[in-house]
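Structure first, commentary second.
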Amino acid sequence: MDETKEKIMIDIMNSAIDAFNKNERYLIEYDLSERCICAKFAHYLAIELNKGIYREYYVDVEYNRTIRRNIKSLEKKNIVVDLIVHKRGIDDNLLCIEMKKCCARQDCIKKDEDRLKKLTSIQYSYMYGLGIMILIKRDGKNNVYKLLIDKIFKNGNEVTEECN
């Protein structure tokens with residue numbers, strides 16, 4: 001993914017997160033499941049994608065198949081990514097997203113980050129343009145309930161600072 005398209009994709013992600021945070025605070029405040037929050041975020045992401053150059057792409061939650069209809073796997077383990085942006089039926093994988101609550105164990109977050117590194121790496125066959133780790137922040141003491149981008153991965157490396 002070139003830098004221009006990368007910037008457009010990050011802008012789309014930020015717009016979708018802003019819209020979600022504006023309208024869906026309830027889901028986080030009342031501690032609904034990660035899957036529920038991710039599915040609702042997919043709705044906002046699809047709306048933003050349809051406004052621009054990525055309108056031909058699909059947003060799918062927990063999509064676990066390759067273009068050959070095989071179950072996706074990494075290092076002989078089946079994988080299910082929380083959310084992907086891709087073209088169905090062809091090998092055009094734009095974005096993979098993992099989402100975790102901030103209160104999740106650090107080893108669980110690290111496992112998802114490692115998966116994003118691998119899914120964006122040329123070493124593996126999936127070749128997602130970007131991998132994004134989103135955290136679900138729920139802090140009643142400070143009245144903060146929102147999604148936020150924690151890390152961004154490209155070509156198997158973290159590039160968070162380069163994208164901000």
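The basis for the numbers below is simple: all heavy atoms, side chains too, and nothing from hydrogens, waters or symmetry mates.
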Worked verdict on I28 versus L147 for side-chain contact (heavy atoms from CB on, under 4.5 Å): CA-CA 9 Å; I28 298 172; L147 299 182; 4.1 Å; yes
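- In this structure, M99 is a member of the same hydrophobic cluster as Y30, with clusters built from ILVMFWY side-chain heavy atoms closer than 4.5 Å.
- Counting non-hydrogen atoms of neighbouring residues, nucleotides and ligands closer than 6.0 angstrom, the NZ atom of K137 reaches no more than 12 such neighbours.
- Considering I10, D150, L116 in turn, I10 is the only one that fulfils the side-chain contact (heavy atoms from CB on, under 4.5 Å) rule with I132.
- A chain of hydrophobic side-chain contacts below 4.5 Å, direct or via other Ile, Leu, Val, Met, Phe, Trp or Tyr residues, connects V59 to I136.
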Candidate pair K111 and D114, rule side-chain contact (heavy atoms from CB on, under 4.5 Å), full reasoning: CA-CA 5 Å; K111 184 177 170 184; D114 288 343; 5.7 Å; no
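- Side-chain atoms of H86 and L94, non-hydrogen and from C-beta on, never get closer than 4.5 Å to each other.
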I12/L45 under side-chain contact (heavy atoms from CB on, under 4.5 Å): CA gap, chis, key distance, verdict: CA-CA 7 Å; I12 288 169; L45 183 56; 3.8 Å; yes
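- What you find for L119 and C96 is that their closest heavy atoms are CB-SG, 3.9 Å.
- Shortest non-hydrogen contact noted between V159 and F153 is CG2-C, 4.1 Å.
- Atom OG in S121 sits 8.0 Å away from atom CG in N157 (nearest 0.5 Å).
- The backbone N or O of Y145 lies less than 3.5 Å from no partner atom in the side chain of R138, so there is not a single donor-acceptor pair.
- A donor-acceptor contact shorter than 3.5 Å links the side chain of T120 to the backbone of G156.
- Hydrophobic clustering (side-chain heavy atoms under 4.5 Å, transitive across Ile, Leu, Val, Met, Phe, Trp, Tyr) keeps Y58 apart from L49.
- Cluster annotation: V144 and L32 are assigned to distinct hydrophobic clusters (Ile/Leu/Val/Met/Phe/Trp/Tyr, side-chain heavy-atom contacts under 4.5 Å, transitive).
- Contact detail for M13 and I134: the closest heavy-atom pair is CE-CD1, 3.6 Å.
- Here the straight-line distance linking atom CE of M133 with atom CD of E113 works out to 5.5 Å at 0.5 Å rounding.
- Atom CD1 of I149 is separated from atom CD1 of I17 by 4.0 Å, given to the nearest 0.5 angstrom.
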Pair R115-D112, salt bridge (Lys or Arg N to Asp or Glu O under 4.0 Å): steps then yes or no: CA-CA 5 Å; R115 182 179 304 128; D112 281 358; 3.1 Å; yes
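- Atom OH in Y44 sits 9.5 Å away from atom NZ in K22 (nearest 0.5 Å).
- Taking CG of N143 as the start and CZ of R25 as the end, the distance is 4.0 Å to the nearest 0.5 Å.
- Closest non-hydrogen pair, C38 versus L83, comes out as SG-CB, 3.9 Å.
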Verdict with reasoning, D31 to K101, per side-chain contact (heavy atoms from CB on, under 4.5 Å): CA-CA 9 Å; D31 202 22; K101 293 182 177 184; 2.7 Å; yes
Salt bridge (Lys or Arg N to Asp or Glu O under 4.0 Å) between K100 and E34, intermediate numbers included: CA-CA 7 Å; K100 282 282 185 249; E34 178 187 304; 3.8 Å; yes
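- Residues I152 and Y54 fall within the same hydrophobic cluster, defined by Ile, Leu, Val, Met, Phe, Trp and Tyr side chains chained together at heavy-atom separations under 4.5 Å.
- Atom CG of residue D82 and atom CD1 of residue I97 lie 9.0 Å apart, to the nearest 0.5 angstrom.
- Contact of the K40 side chain with the I37 side chain is not registered, since no non-hydrogen atoms from C-beta on lie closer than 4.5 Å.
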